[in-house]
Amino acid sequence: MKFDITVEPTGILPEIKVMRPSAGTDHRGEIWTIWERENVLPEHLSFNLCKFTRSIKNTLRGLHGCFNTWKYMSVPYGEVFFAVVDVRENSPNFLKSQTLILNDSNHLGVLVPPGFVNGHLCLSEQCLYHYMMSYEGDYIDPHEQVVLRWDDERLGINWPTTSPILSERDKKSNI
């Protein structure tokens, strides 16, 4: 059985692609496909790394990223408020942001190209956040990535919290 994935650009940041899968259901539950290579990731790239984070409610991870990595994110369990920001200094969308709700009901995935940072806030009691990465060259260690504070006023992100649970890394900015 094949399930289609619709690829949709976001309105504010057209380089960000939202993947909307179709799902099949029956008496056993539900099935959907989160990723199909067709015409989205550049042909010469494939995913090199796949990670998960599990968070408790009100945990905010991010905003971070780099200039050589494509990322595909989805939420197989729970719900997150997802934010992505253009950090390419020569872009007409420099420091503009886009937000989405990703959860285990809408099954949305987001493909983020290099030059963007992203972060997510766990809205449910717990959430499982999944991301796959494709990078050219070496993997950029977390201490070398671009980091923006979640509440940087230049970004205009309306986070649904005023006091998230943060790591030390996510309490500061390096641009």
Side-chain angles (χ1 to χ4, degrees), residues 5-20 35 37 39-49 51 53 55 58-75 79-103 106 108-123 127 129-175:
I5 299 174
T6 305
V7 179
E8 306 167 355
T10 60
I12 296 171
L13 301 173
E15 298 90 346
I16 307 304
K17 305 296 185 217
V18 176
M19 315 301 229
R20 184 178 306 276
W35 177 257
R37 181 171 175 75
N39 301 318
V40 181
L41 196 64
E43 282 298 317
H44 68 287
L45 296 176
S46 61
F47 288 113
N48 325 57
L49 192 59
K51 293 186 175 190
T53 64
S55 300
N58 208 39
T59 297
L60 196 154
R61 297 179 185 261
L63 300 157
H64 20 78
C66 59
F67 293 95
N68 76 332
T69 303
W70 287 79
K71 292 184 270 182
Y72 177 80
M73 282 85 48
S74 64
V75 176
E79 181 170 77
V80 304
F81 178 89
F82 176 81
V84 61
V85 179
D86 188 340
V87 293
R88 301 169 300 164
E89 289 184 3
N90 61 345
S91 169
N93 292 319
F94 180 62
L95 297 183
K96 287 186 180 171
S97 63
Q98 176 76 45
T99 62
L100 298 160
I101 298 293
L102 306 179
N103 60 42
N106 67 21
L108 294 180
V110 181
L111 182 67
V112 176
F116 292 80
V117 297
N118 64 276
H120 65 278
L121 172 71
C122 181
L123 298 174
C127 64
Y129 183 81
H130 168 251
Y131 56 111
M132 299 185 295
M133 296 184 284
S134 177
Y135 46 88
E136 295 186 84
D138 295 329
Y139 174 68
I140 303 296
D141 290 326
H143 68 279
E144 298 171 332
Q145 292 177 348
V146 175
V147 179
L148 280 170
R149 276 187 56 96
W150 69 281
D151 59 353
D152 187 318
E153 291 180 3
R154 299 174 296 172
L155 311 179
I157 299 173
N158 188 19
W159 294 96
T161 187
T162 56
S163 56
I165 301 166
L166 299 167
S167 69
E168 287 304 311
R169 173 185 180 205
D170 293 339
K171 292 179 181 176
K172 42 190 162 236
S173 219
N174 63 13
I175 65 167

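Just so it is clear, the values below take in all heavy atoms, side chains as well, and ignore hydrogens, waters and symmetry mates. Keep in mind it's a predicted model, so treat the numbers as computed, not measured.
L121 and P164 make their closest contact through CD1-CB, 4.3 Å (heavy atoms, listed as atom of the first residue, atom of the second, distance). The minimum heavy-atom distance linking V147 with K172 is given by the pair CG1-O, 3.2 Å. R88 and F94 get closest at one heavy-atom pair: O-CD1, 3.3 Å. Nearest approach of L63 to G119, heavy atoms of both residues: CD2-N, 3.5 Å. In terms of heavy atoms, E79 sits closest to I101 at OE2-CG2, 3.4 Å. Minimum interatomic distance between L111 and P113 (heavy atoms only, all atoms of both residues): O-CD, 3.9 Å.
Using modelled atom types, one side-chain atom of N174 and one backbone atom of Q145 make a donor-acceptor pair closer than 3.5 Å. A donor-acceptor pair under 3.5 Å is absent between the side-chain atoms of D152 and the main chain of R149, judged by distance alone. Remark: the backbone N or O of T161 is not paired with any side-chain donor or acceptor of N58 at under 3.5 angstrom. Judged purely by atom type and a 3.5 angstrom limit, W150 has no side-chain atom pairing as donor or acceptor with the backbone of L60. Judged purely by atom type and a 3.5 angstrom limit, N93 has no side-chain atom pairing as donor or acceptor with the backbone of L13. Judged purely by atom type and a 3.5 angstrom limit, S97 uses its side chain to pair as donor or acceptor with the backbone of L155.
Contact check for M73 versus H120: no side-chain heavy atoms found under the 4.5 Å cut-off. Between S134 and N48, the closest side-chain pair of non-hydrogen atoms falls below 4.5 Å. At a threshold of 4.5 Å between non-hydrogen side-chain atoms, the residues L95 and R154 count as touching. Residues F82 and V112 are in side-chain contact: their nearest non-hydrogen atoms beyond the backbone lie under 4.5 Å apart. With contacts defined as side-chain heavy-atom distances shorter than 4.5 Å, the pair T53/R61 qualifies. Looking at heavy atoms from C-beta onward, N158 lies out of side-chain contact with T99 at the 4.5 angstrom threshold. Between I175 and V87, the closest side-chain pair of non-hydrogen atoms falls below 4.5 Å.
Ring-plane geometry between F47 and Y72 is classed as tilted, the angle between the planes lying from 30 to 60 degrees on a 0 to 90 degree scale.
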Inset, instruction - Assess whether side chain to side chain contact (heavy atoms under 4.5 Å, CB included) is satisfied between V110 and N118, documenting all intermediate values. - result: CA-CA 10 Å; V110 181; N118 64 276; over 6 Å; no

Legend entry - Pair D170-H64, side chain to side chain contact (heavy atoms under 4.5 Å, CB included): steps then yes or no: CA-CA 8 Å; D170 293 339; H64 20 78; 3.1 Å; yes

